Number of protein chains: 2
Amino acid sequence: MAKTASASRQQQPYHHGNLAEALVAAGLDMAAEGGPEALSLREAARRAGVSPTAVYRHFEDRTALVLAVKNVVLARLAAAMEQALAKPVPRGMDPAARAHEHLIRIGTAYVEFAVAHPGDYRVMFADGCFPDDTPSGVAGEHVSGRPYGILSNVLDEMVATGALAAAARPGAEAPAWAMVHGLASLILEGPYGALPPGEREAMVAMSLEIIAAGLTGR
Amino acid sequence: MAKTASASRQQQPYHHGNLAEALVAAGLDMAAEGGPEALSLREAARRAGVSPTAVYRHFEDRTALVLAVKNVVLARLAAAMEQALAKPVPRGMDPAARAHEHLIRIGTAYVEFAVAHPGDYRVMFADGCFPDDTPSGVAGEHVSGRPYGILSNVLDEMVATGALAAAARPGAEAPAWAMVHGLASLILEGPYGALPPGEREAMVAMSLEIIAAGLTGR
DNA sequence: CGCGGATGTGCACGATGTAAACACCCTGTG
DNA sequence: CACAGGGTGTTTACATCGTGCACATCCGCG
C-alpha cells in the first residue's frame, strides 16, 4: 500500500492497476455484507470490473482470495485489540491489577469486534486454518502484532506482575482464546445473538471475569 | 426408527418408502464426510435414488434438510454427554465433588464428540440458529434431553450440592458452553487441530478445570 | 371404480468455481 | 528504435449447485 508513488496520472497504469488489491477490497466488502459464504470469486471480479477468470492471475483459488481477505481482517482485529490496550488505565492501579485489566480488555475487544463485524469475523475461521498466526510453536517476535501474539504478551505481563502464577502460564492462551472465540461464536452463530445488547455485554463481561479468575486462581 | 413393522415385503411400500428418513440418513453421511458445506441437496437425492426436485416434497429448502440433520446430530451429542454422566463415580466422593466431576465429564464429552465427528459437529452451527435448543428462556422440561438442558441440570446439581454458589448460578451456562464450544471450534477450524492427540487432550482437560475453577471460585 | 391429493420426474434457468485457448500491452533487450 | 516475451485480462466452455414449473404416477378413500 501507499505505492501510488510515481503515478502522476491516475488512469490505470497498465492493465488494471493492481487487481489484487482491488479484489481483496471487494472481498472485504462482500465479507462484511454476508460472511465468507457470500465471498464469491465472480462477484469480486465483477466489482473490480474485470472478467471472472482474471482473478486466477492473482489468486490460485477462491480459497486463496478468502485467505488474503482473512489476513486483512486478522490485522484489523489485532488493531482493535491494541487500541483497547492503549486506552489509559485508572491512576494508582497496581501492576498486577493492570495486567488483569489488560486481559479483560483484549477479551472484550475481541468479542466486540466479532459483534460489530460479524462477516469479517467469520471469514477468519473459514475453510482452512490460520494463515500465519502461530498455532503452538510460539517463537519470538513473529508472534506479535497479531491477535494471538497480543494475548501471549498480556499473559506474559500477568506473570511478570504476579497476577498469574508462572506455573499456570504454559498453554494459558488456549483457555483464554477458547473462551472469547466461544463467546463470539455463540453470539454470531448460536443462540446468544438473540440477547438484547445490554444483557449480552453483561454476559460477556461475566464470562471474562470467570475465565480470568480461573486462570489466576483469584 | 424401528418402523419396519407391517412391511412384510421390503419393496418400497409405495413411492419410495419414506424418502424423508432416507434423505436425512444420506445427509448424515454427507455431513460426516465433509461437514455442512458438503451436504448437497442433489447429492442427497442421488443417494436416495430419487430425482433432485423430489426433495422439495419433504423439505422446503436445502436449509430445511440441513436443519433436520442438525436435529439428529444434536440428539447424538446429547446422548454422548448423558453416557459420560452414566459411568460410575469413584466411591466415597462427596456430592459436591461429584457435581464438579459431572461438569468436567460433559465438557470432555462435548469436545470429544466434536473431535470424533467433526462434520457432524459443524452441522450444528451451520446457517441459522439452533432448531429447538433453548437460547435464553430456559423453561421447564422442554430443556432436558438436549445438550443445553444437560448442562443446565449439572449446574443445578452443583448448586444443590454446594459446589457452586447460588449467586453464581444465573447465566452460568454461557461461560461453560462458550468454553467447550471455543475449544471444539479451535480444534476443528483453528490451529489447535494440529496438536498431537495427547497434548490436545491435556489442553482440553486443563481448560475445563480452569473454567470450573472460575465458576466455583475454587 | 374412479377421483383427488400426495409424491416423484423432467426440464429449465441462473448462479457458482474453474480449465483452456486466445488477445493485449508493458518492459527489457538487442 | 524495433521486437520478442511474459505478465495480465478475455472469451468460451463445462460441471456443479439450488430451485421453480408443468407434468406423470400411484395410493387410499369415497
Side-chain angles (χ1 to χ4, degrees), chain A residues 3-27 29-31 33-70 119 123 126-128, chain B residues 3 5-27 29-31 33-70 123 126-128:
Chain A
K3 200 65 169 309
T4 44
S6 58
S8 46
R9 296 162 299 179
Q10 65 261 50
Q11 73 195 10
Q12 297 93 312
Y14 59 117
H15 261 142
H16 168 104
N18 38 9
L19 226 201
E21 255 184 44
L23 289 172
V24 172
D29 288 349
M30 301 165 56
E33 292 162 17
E37 66 274 10
L39 208 166
S40 128
L41 206 163
R42 293 182 99 110
E43 175 67 15
R46 225 170 281 134
R47 297 194 185 192
V50 114
S51 92
T53 50
V55 179
Y56 288 87
R57 297 298 164 191
H58 302 267
F59 301 96
E60 189 177 352
D61 258 322
R62 169 183 178 276
T63 45
L65 173 57
V66 173
L67 200 137
V69 172
K70 195 185 317 201
V123 167
D127 33 48
Chain B
K3 201 65 171 310
S6 59
S8 47
R9 296 162 299 182
Q10 66 260 49
Q11 71 194 11
Q12 297 93 314
Y14 64 116
H15 262 142
H16 167 104
N18 37 10
L19 225 201
E21 256 184 43
L23 288 172
V24 172
D29 288 349
M30 300 163 57
E33 292 161 18
E37 66 273 10
L39 207 167
S40 127
L41 206 164
R42 293 182 99 108
E43 174 67 15
R46 225 171 280 133
R47 296 196 186 192
V50 113
S51 94
T53 50
V55 179
Y56 288 87
R57 298 298 163 186
H58 301 267
F59 300 95
E60 190 177 351
D61 257 322
R62 170 184 177 274
T63 45
L65 174 57
V66 174
L67 199 138
V69 172
K70 195 187 312 202
V123 168
D127 33 47

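From a predicted model like this one, the values you see are computed outputs, not experimental measurements. The analysis underlying the following values was restricted to heavy atoms, covering all of them including side chains, and did not include hydrogens, waters or symmetry mates. Residue numbers begin at 1 in each chain, while the letters A, B, ... track the order of the sequences.
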J.: Counting only side-chain N and O atoms of A:His58, is one of them less than 4.0 Å from OP1 or OP2 of D:dG9?
T.: yes
J.: Mind checking the CZ-CG spacing from A:Arg46 to A:Leu41? Nearest 0.5 Å is all I need.
T.: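 With rounding to 0.5 Å, CZ (A:Arg46) is 10.0 Å from CG (A:Leu41).
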J.: Could you tell me which non-hydrogen atom of A:Leu19 sits nearest to which non-hydrogen atom of A:His58, and how far apart they are?
T.: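 Minimum heavy-atom separation between A:Leu19 and A:His58: CB-NE2, 3.5 Å.
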J.: Which part of the nucleic acid does B:Arg62 contact within heavy-atom distance under 4.0 Å: base, sugar-phosphate only, or nothing?
T.: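 Sugar-phosphate only.
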J.: Just how far, in rounded Å, is P of D:dC17 from CG of B:Leu39?
T.: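 In whole Å, D:dC17 P and B:Leu39 CG are 12 Å from each other.
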J.: In whole angstrom, give the distance that lies between atom OH of A:Tyr56 and atom C1' of C:dA19.
T.: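 Taking atom C1' of C:dA19 as the reference, OH of A:Tyr56 is at 8 Å.
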J.: If I take atom CD in residue A:Glu37 and atom C1' in nucleotide C:dA15, what distance separates them, rounded to the nearest angstrom?
T.: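 Result: 15 Å.
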J.: Report the nucleotide, chosen from C:dG8, C:dA19, D:dT10, that has the shortest atom-to-atom distance to any side-chain atom of A:Ser51.
T.: D:dT10
J.: Check the distance between D:dC17's C1' and B:Glu43's CD and give it to me in whole angstrom.
T.: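 It is 12 Å, rounded to the nearest whole Å.
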J.: Atom CE of B:Met30 and atom P of D:dC17: how far apart are they, to the nearest Å?
T.: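 Whole-Å distance recorded here is 8 Å.
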J.: Please find the pair of heavy atoms, one from A:Ala126 and one from A:Pro36, that lie closest to each other, and give the distance.
T.: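 Heavy atoms only, the tightest pair is CB-CB, 3.6 Å.
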J.: Over all strands shown, is A:Ser40 touching base, sugar-phosphate only, or nothing at heavy-atom distances under 4.0 angstrom?
T.: sugar-phosphate
J.: Choose from C:dT16, D:dG9, C:dT9 the nucleotide whose nearest atom is closest to any side-chain atom of B:Ala54.
T.: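 Looking only at side-chain atoms, B:Ala54 lies closest to C:dT9.
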J.: Using 0.5 Å steps for rounding, measure from the CZ atom of A:Arg62 to the CG atom of A:Leu67.
T.: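 Reported to 0.5 Å precision, the distance equals 11.5 Å.
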J.: From the list D:dT19, C:dT18, D:dC23, which nucleotide is the closest neighbour of the side chain of A:Pro52?
T.: C:dT18
J.: I need the CD-P distance between B:Glu60 and C:dA6, as an integer number of Å.
T.: 16 Å
J.: May I have the distance from B:Phe59 (atom CZ) to D:dT19 (atom P), rounded to whole angstrom?
T.: 13 Å
J.: Taking only the side-chain heavy atoms of A:Thr53 (C-beta and beyond), determine which of D:dT11, D:dG18, C:dC22 contains the nearest atom.
T.: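 Minimum distance to the A:Thr53 side chain belongs to D:dT11.
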J.: Heavy atoms from C-beta onward define the side chain here; which of C:dT9, D:dT10, C:dT16 lies closest to that of A:Arg42?
T.: C:dT16
J.: Is A:Arg57 side chain donor-acceptor paired with the D:dG7 base, going by distance under 3.5 Å alone?
T.: no
J.: Looking at B:Arg46, I'd like to know whether one of its side-chain N or O atoms comes within less than 4.0 Å of OP1 or OP2 on D:dC17.
T.: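 It does, given that an N or O in the side chain of B:Arg46 lies less than 4.0 Å from OP1 or OP2 of D:dC17.
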J.: Nearest of C:dT18, D:dT19, D:dG9 to any side-chain atom of B:Leu41?
T.: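 Closest nucleotide to the B:Leu41 side chain: D:dT19.
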J.: What is the distance, to the nearest angstrom, from the CG atom on A:Leu19 to the C1' atom on D:dG7?
T.: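 The distance from CG of A:Leu19 to C1' of D:dG7 comes to 12 Å, rounded to the nearest Å.
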J.: Shortest non-hydrogen contact from A:Arg47 to A:Glu33?
T.: NH2-OE1, 3.1 Å
